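Accompanying notes for the structure given below.
Order of the sequence lines sets the chain letters (A, B, ...), proteins ahead of strands, with each chain counted from 1. A quick note: this is a predicted structure, and the numbers were derived from the prediction, not measured.
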Number of protein chains: 2
Amino acid sequence: MTGIRDLARHLDISIGTVSRALNDKPDVNQDTKSKVLKAAAELGYVPNQAGRALSKGRTNVIGFVLQTDSEGMMQGDLFFIRVFDGMQSVLTQHGLNLVALLSPSTVDPETYLKQIVARRFTDALVLSSIHRNDARISYLSDQNLPFATLGRSLTDVGQPWLDLDFDGVVEDAIRRLIAKGHSKIALALPRSDLNLRHIMVESYRRNLAKSGIEVNEDFIVETDAGDNGGVTLVHDLIELQPRPTAVIYSDHILPFGIYRGLAENGLTPGQDLSIIGVGTRLASLLTPNLSHYRFNLFDLGVQIAEALLPTMQDRPFSDPNKIIRESVPYTFIDGDSIQDMT
Amino acid sequence: MTGIRDLARHLDISIGTVSRALNDKPDVNQDTKSKVLKAAAELGYVPNQAGRALSKGRTNVIGFVLQTDSEGMMQGDLFFIRVFDGMQSVLTQHGLNLVALLSPSTVDPETYLKQIVARRFTDALVLSSIHRNDARISYLSDQNLPFATLGRSLTDVGQPWLDLDFDGVVEDAIRRLIAKGHSKIALALPRSDLNLRHIMVESYRRNLAKSGIEVNEDFIVETDAGDNGGVTLVHDLIELQPRPTAVIYSDHILPFGIYRGLAENGLTPGQDLSIIGVGTRLASLLTPNLSHYRFNLFDLGVQIAEALLPTMQDRPFSDPNKIIRESVPYTFIDGDSIQDMT
DNA sequence: ACAAGAATCGTAAACGTTTACGATTTGCTT
DNA sequence: AAGCAAATCGTAAACGTTTACGATTCTTGT
């Protein structure tokens with residue numbers, strides 16, 4: 001409630017000096033500087049957000065734009081908190097505040113984004129759930145609002161972006177499966193236009209070809225977004241001719257459905273179908289143990305924030321469009337859901 | 001980028017009239033009103049957030065304060081999105097914007113909250129993860145910042161609050177278990193000072209007593225926050241003398257660990273240990289089917305927002321401190337994780 | 001045609017902060 | 001002691017919007 005004028009009156013100095021003292025400007029006496037800081041702490045003065053934003057033209061607020069799919073679900077619901085925390089850990093050190101934004105399910109995500117931008121509500125944005133042709137990217141570029149994306153797109157404009165190395169995951173998974181004698185390897189991905197999906201499909205094709213295995217288009221299957229997507233997936237897989245002996249997945253919930261679907265058919269994970277993909281902490285609750293890749297999501301948040309910062313200081317992003325997909329560390333957790341075929 | 005002065009110049013009328021037209025004030029001609037709206041749409045004018053906030057003294061921003069536990073986990077990580085969406089669906093109709101706030105793990109949640117409040121960043125707050133003695137409540141009350149809480153506390157000050165009826169869930173669960181012949185019923189709750197925990201414990205004691213069953217203190221067990229909390233829980237339970245035949249839980253991840261823990265000991269869910277509690281969509285992926293209560297979280301969001309709104313218009317909350325815990329609907333999903341003992 | 005009231009609009013102050021500019025004081029050099 | 005630069009501070013404008021107030025025009029009843 002106490003404003004800067006209260007503070008100035010209380011100290012019997014001018015408003016301008018108080019402001020300069022608080023912002024640690026050079027042309028103010030050290031004595032008064034500390035006196036002001038002391039009084040500010042005592043009176044519990046905190047600068048008013050709106051006043052400061054209007055004067056400086058910057059809000060010190062960064063928006064983390066979350067996206068839900070058509071069913072109101074979010075792929076990254078369990079990811080989100082960690083990434084947010086990582087981002088915030090670096091942003092707070094620069095006096096910036098992070099907020100999560102979620103477009104209402106009743107409103108088109110694009111118009112929601114435009115509202116945010118036009119109101120100048122944030123100094124910068126971080127976009128998630130990047131689509132293959134993501135119109136938001138060129139839009140933000142036109143509005144010259146600093147932003148970064150968690151994921152790349154065909155419409156990239158040189159903004160800093162960061163991707164989890166799902167490409168590498170597929171490559172490594174295929175290598176592991178082949179080493180265990182698998183050749184009939186399916187790829188199960190949720191139906192969507194996320195660029196991640198395309199990246200994984202391409203990696204799948206490329207790495208199978210590299211190993212001299214012909215791609216069976218039937219082995220690339222779309223899974224339902226629903227919770228028993230895994231169950232129906234299993235039903236689909238076991239009807240294929242020939243029947244795949246392994247499946248690579250990306251949705252961290254899916255394996256639970258797969259396990260269930262296998263059980264319903266009297267099959268056991270690993271033995272009758274090898275399963276490998278990217279998971280979260282939930283994965284360690286499956287029996288038999290699920291083989292999966294786990295990313296350091298806090299680190300993802302840290303890195304995207306650090307990539308975003310320079311673009312906010314009118315310094316261009318140091319290394320524009322640098323491919324940094326390998327930079328987020330992940331570990332492979334070797335479970336029993338992959339079986340040796342030999 | 002276009003401001004209200006651009007708009008005024010373009011239409012050759014005064015700034016004041018433009019503002020009044022946009023805000024649909026009565027003392028402006030219908031013709032000019034529509035002319036202004038048209039031009040605003042064409043030029044893509046959206047009022048600047050900071051300017052408006054400074055002038056009106058209100059930001060039109062509502063903050064949803066999320067809390068993580070000591071491990072950086074959030075009990076409601078899967079809940080969050082739905083609740084957020086529900087809140088936003090009603091708030092947008094009143095021109096209000098919802099943002100999610102998460103205190104950095106490096107910063108004390110209380111000081112983080114004080115920053116938010118003192119900066120007048122939001123018009124109102126919704127608090128979650130309410131503790132038994134939650135200091136934030138009296139603090140917000142002192143700052144007379146409108147707020148509501150998802151959960152009640154001993155320190156309530158008459159703010160609107162809403163609780164999921166975990167009390168009723170425990171009551172119903174005990175009734176069902178007793179009807180199936182159970183009498184050695186355990187209660188497994190995560191270690192925390194959330195008020196929810198106390199409510200469930202009290203309900204547990206009360207309803208067991210009502211049924212003439214003596215409370216065995218050993219049956220109230222604390223679970224680890226970690227992911228294999230369920231596994232260790234099982235190890236704890238099967239060593240008890242006498243050994244409980246059923247367990248009531250609240251953490252939606254826990255059953256996965258319980259199932260695994262039972263499997264490790266050659267036991268099967270339902271048959272050797274009946275399991276019932278509150279779950280999310282994940283629950284339907286367990287085999288055998290998990291008996292659980294599922295809440296309508298979107299509705300929870302809608303209701304808390306509707307309760308918050310009147311307090312923001314200087315109208316006091318219509319029915320202060322009204323107990324509305326029964327108002328969020330939930331359904332019981334009957335699975336095979338409860339077995340008949342008779 | 002005239003006065004009174006209603007309708008409509010322009011003017012300017014206000015919100016809380018930052019910052020360019022100029023004024024005053026201080027300290028140093030000779 | 002005079003002069004100059006550096007240090008320190010006060011003044012006032014500016015950010016973009018809202019709104020109280022007053023001024024002007026329009027309508028209406030006589």
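- Judged by a 6.0 Å distance limit and a 45° cone about the ring axis, B/Arg119 is positioned over the six-membered ring of B/Phe121.
- Straight-line distance from the CG atom of A/Leu22 to the C1' atom of D/dC9: 15 Å, rounded to whole Å.
- With respect to the salt-bridge test (charged N to carboxylate O, under 4.0 angstrom), the residues A/Arg82 and A/Asp85 do not qualify.
- B/Asp27 comes within 4.0 angstrom of a base, heavy atoms only.
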Discussion item. Show, in sequence, the C-alpha distance, side-chain angles and deciding distance for B/Thr311 and B/Gln159, and conclude whether the side chain to side chain donor-acceptor pair (under 3.5 Å) test is met.
Written reply: CA-CA 9 Å; B/Thr311 72; B/Gln159 86 282 5; over 6 Å; no
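- A donor-acceptor contact shorter than 3.5 Å links the side chain of A/Thr155 to the backbone of A/Asp134.
- OP1 or OP2 of C/dT18 has not a single side-chain nitrogen or oxygen of A/Ser55 nearer than 4.0 Å.
- For A/Arg20, taking side-chain heavy atoms from C-beta onward, the closest of the listed nucleotides C/dC9, D/dT19, D/dT11 is D/dT11.
- In summary, A/Asp27 and A/Lys25 do not engage in a salt bridge, as defined by a charged side-chain N under 4.0 Å from a carboxylate O.
- Checking each of A/Leu309, A/Leu98, A/Ile304, A/Leu96 against A/Val90 for a side-chain contact (heavy atoms from CB on, under 4.5 Å) leaves exactly one that passes, namely A/Leu309.
- When the nucleotides C/dC9, D/dT18, C/dT18 are ranked by their closest atom to the side chain of A/Lys56, C/dT18 comes out on top.
- Rounded to whole Å, atom P of D/dT18 lies 10 Å from atom CG of B/Asn60.
- Between A/Ser19 and C/dT18, a side-chain N or O to OP1/OP2 separation shorter than 4.0 Å is present.
- A distance-only check finds a donor-acceptor pair linking the side chain of A/Asp156 to the backbone of A/Ser153 [under 3.5 Å].
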Worksheet item: B/Arg152 and B/Asp163: salt bridge (Lys or Arg N to Asp or Glu O under 4.0 Å), yes or no, with the steps?
Response: CA-CA 7 Å; B/Arg152 73 206 108 152; B/Asp163 233 348; 2.8 Å; yes
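- The distance between atom CZ of B/Arg58 and atom P of C/dG16, rounded to the nearest whole Å, is 15 Å.
- No hydrogens or angles were tested; on distance alone, nothing pairs the side chain of B/Arg119 with the base of C/dG16 as donor and acceptor under 3.5 Å.
- In this model, the phosphate group of D/dG10 is approached by a side-chain N or O of A/Thr17 to a distance below 4.0 Å at OP1 or OP2.
- In the set D/dA20, D/dT18, C/dT19, the nucleotide with an atom closest to the side chain of B/Asn23 is D/dT18.
- Nucleic acid contact for B/Gly57: none, since no nucleic acid atom lies under 4.0 Å from a heavy atom of the residue.
- Contact annotation: B/Arg52 reaches the phosphate of D/dT18 (side-chain N/O to OP1 or OP2, under 4.0 Å).
- Mapping B/Gly51 and B/Gly16 onto DNA chain C by nearest heavy atom places B/Gly16 at the nucleotide closer to the 5' end.
- As a whole-Å value, the separation of A/Asn29 CG from D/dG10 P is 11 Å.
- Within residues 30-50 of chain A, the residues having any heavy atom closer than 4.0 Å to DNA chain C are, in order of number, A/Tyr45, A/Pro47, A/Asn48.
- Nearest nucleotide to the side chain of B/Arg5, out of D/dT17, D/dT19, D/dG10: D/dT17.
- Base engagement by A/Ile15 is indicated by at least one non-hydrogen atom pair under 4.0 Å involving a base atom.
- In this structure, of C/dT18, C/dG16, C/dG10, it is C/dG16 that holds the atom nearest to the side chain of A/Leu54.
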